[in-house]
Amino acid sequence: MIAKISTLSLLIASVMLTATAKAEEPIEIIKPAVITEPEKVELGKMLFFEPRLSMSGFISCNSCHNLSLGGVDALPTSIGHEWQEGPINSPTVLNADYMLAQFWDGRAPDLKAQAAGPIDNPKEMGYTHELAVDTIASMPAYVARFKDIYGSDEVNIDRITDAIATFEKTLVTPNSPFDQYLSGDKDAISANAKQGYQLFKDKGCVSCHNGPAVGGTMYMKMGLVKPFHTDNPAEGRKAVTGKEADKFVFKVPTLRNIELTYPYFHDGSVWSLAEAANTMADIQLGQKLTETETEQMVEFLKSLTGEQPQIMLPILPPSNENTPRPVPFKK
């Protein structure tokens, strides 16, 4: 009897220790999306892929947040209306709902506000909100969906961006090897990746990169210990607050799926994950990584790549005589 009680006590203690260890980890498991409004999600998906929300009739949300490329466009800075060069690297849309705000400088408080920005930005989609509304409202198939979802056939920018945001909230990437490791499968990642994770904690990377998205929950100066040299004009939070102290302070990016979201940093200047890890260790932490440490760190970072959203491309309604015509070229 005593032996049975001792065995049971050891089992309970082991479970409690395991639970405590999990709770103390700075990185949390990403959970699959729970879809409660499937019709709105489908409408949002249509609008996410809708190129007629741009003046050219060519650029959609997916142009800069390509869901085949980890939610980015894999360019240093994005290409906008009339082939204009964007001012900053396009952040991934995957797991974006975990961010404290949207855009590198955090000027949009949420996904809905973010969705509105590029539409009427002359360097991005080059349209206006009024024309975007007129375009969507000109197509009966869209109007019918708005009526079913929102209770009336009114199409406005608030509803357009609400639907897009609802779709984007489903773009999470669960079940990465590292998530499986956190769930208790200690063989889900390699010994090198485990060493890399320990380094990630020991070096202090987790002070900024933590939580479910491994980042995205705070702002930090780029070049905390040493200056970060770049020709990119972006000034970070200063552009929002006007405060000199916020110059070069940016939202800490998510490290989820980081092997897919190159090139790195707000200026898109670094294409190698190894170089990015070494640069951050140097300018943010004042530390150097050895060649072995770099390999281990990179292997850990690659273990953060989760299951990518499986998206079936939507079939969009045809334009008609009432639909504003695209203007893809200068006249």
Side-chain angles (χ1 to χ4, degrees), residues 33-67 71 78 80-81 90-103 106-172 240 309-327:
V34 177
I35 297 175
T36 58
E37 299 178 287
E39 294 83 6
K40 189 186 288 189
V41 169
E42 183 63 24
L43 173 60
K45 180 172 72 171
M46 295 172 73
L47 296 170
F48 184 87
F49 284 94
E50 181 54 84
R52 289 167 295 185
L53 287 176
S54 67
M55 178 65 77
S56 64
F58 187 74
I59 300 172
S60 69
C61 301
N62 192 65
S63 299
C64 295
H65 302 287
N66 194 321
L67 299 182
S78 297
H81 182 59
S90 179
T92 181
V93 72
L94 302 181
N95 306 305
D97 194 39
Y98 284 93
M99 306 296 102
L100 82 163
Q102 303 299 317
F103 297 114
R107 66 184 181 275
D110 52 34
L111 286 171
K112 184 177 174 182
Q114 186 280 327
I119 294 173
D120 69 348
N121 187 320
K123 282 193 170 185
E124 296 186 54
M125 297 172 82
Y127 224 18
T128 66
H129 288 164
E130 291 75 17
L131 278 171
V133 169
D134 290 345
T135 297
I136 300 303
S138 72
M139 294 174 257
Y142 269 132
V143 173
R145 285 180 179 269
F146 276 84
K147 185 174 183 178
D148 288 342
I149 293 165
Y150 293 102
S152 76
D153 58 9
E154 180 185 357
V155 176
N156 56 45
I157 197 64
D158 183 73
R159 289 178 173 181
I160 288 173
T161 54
D162 176 63
I164 292 173
T166 302
F167 167 65
E168 290 179 340
K169 289 176 182 179
T170 71
L171 302 177
V172 297
V240 178
Q310 299 300 299
I311 304 297
M312 182 177 289
L313 288 176
I315 303 302
L316 306 179
S319 299
N320 54 56
E321 64 273 10
N322 297 317
T323 306
R325 298 289 179 260
V327 185

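Computation of the quantities below employed the complete heavy-atom set of this structure, encompassing side-chain atoms and omitting hydrogens, waters and symmetry-equivalent molecules.
The minimum heavy-atom distance between Asp120 and Gly117, with the atom names listed, is OD1-O, 3.1 Å. Minimum heavy-atom separation, Asn156 to Arg159: OD1-N, 2.7 Å. The heavy-atom pair separating Pro324 from Ser138 by the smallest distance is CD-OG, 4.5 Å. Smallest separation of non-hydrogen atoms from Pro326 and Ser56: CB-O, 3.4 Å. The two residues Leu47 and Ile160 make their nearest non-hydrogen contact at CD1-O, 3.8 Å. In terms of heavy-atom proximity, Ala132 sits nearest to Ile119 at CB-CG2, 3.9 Å.
Evaluation of the ring-ring contact (aromatic ring centres under 6.0 Å, His included) test over residues 122-161, restricted to residues two or more places apart or in two chains, returns Phe146-Tyr150. Applying the ring-ring contact (aromatic ring centres under 6.0 Å, His included) test to every pair with at least one member in residues 37-59, sequence neighbours left out, gives these pairs: Phe48-Phe167.
Remark: the backbone N or O of Ile311 is not paired with any side-chain donor or acceptor of Lys45 at under 3.5 angstrom.
Rounding to the nearest 0.5 Å gives a distance of 5.5 Å between CG of Leu67 and CG of Leu171. One distance of note links CG of Asn95 with CD of Glu168; it measures 12.0 Å at 0.5 Å rounding. With values rounded to the nearest 0.5 angstrom, Asp162 atom CG is found 9.5 Å from Ile149 atom CD1. In this structure, OG1 on Thr36 lies 9.0 Å from NZ on Lys169, to the nearest 0.5 angstrom. Put simply, CD on Glu154 and NZ on Lys147 are 13.0 Å apart, with the number rounded to the nearest 0.5 Å. Separating the CG atom in Leu131 from the CD1 atom in Ile157 is a distance of 10.5 Å, to the nearest 0.5 Å.
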Side chain to side chain contact (heavy atoms under 4.5 Å, CB included) evaluation trace for Thr135 with Glu50:
CA-CA 11 Å; Thr135 297; Glu50 181 54 84; over 6 Å; no
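In this structure the side chain of Leu43 never reaches within 4.5 angstrom of the side chain of Asp148, judged on heavy atoms. Side-chain atoms of Ser90 and His65, non-hydrogen and from C-beta on, do get closer than 4.5 Å to each other. Inter-residue side-chain proximity for Lys112 and Asp158 is flagged as met; some heavy-atom pair is nearer than 4.5 Å. With a 4.5 Å cut-off on side-chain heavy atoms, Glu39 and Val41 do not count as touching. Side-chain contact check for Leu316 versus Pro51: some heavy-atom pair is nearer than 4.5 Å. Two residues are said to be in side-chain contact when any heavy atoms from C-beta on lie closer than 4.5 Å; Pro118 and Leu53 fail this criterion. Residues Cys61 and Gln114 fail the side-chain proximity criterion, which asks for heavy atoms closer than 4.5 Å. A 4.5 Å side-chain heavy-atom check between Ser63 and Met125 finds every atom pair outside the cut-off.
Checked against side-chain contact (heavy atoms from CB on, under 4.5 Å), Ala144 has no partners two or more places apart in sequence or in another chain. Listed by chain and residue number, nothing satisfies the salt bridge (charged side-chain N to carboxylate O under 4.0 Å, His left out) test with Asp97 (two or more places apart in sequence, or in another chain). In this structure, Asp110 has no salt bridge (charged side-chain N to carboxylate O under 4.0 Å, His left out) partners at least two apart in sequence or on a different chain. Under the salt bridge (charged side-chain N to carboxylate O under 4.0 Å, His left out) criterion, Glu37 pairs with Lys40, sequence neighbours left out.
Enclosure of atom CD1 in Ile315 is not indicated, since only 12 or fewer non-hydrogen atoms of other residues, nucleotides or ligands lie within 6.0 angstrom.
Checking Ser319 against Arg52 by side-chain atom types alone, a donor-acceptor pair falls below 3.5 Å.
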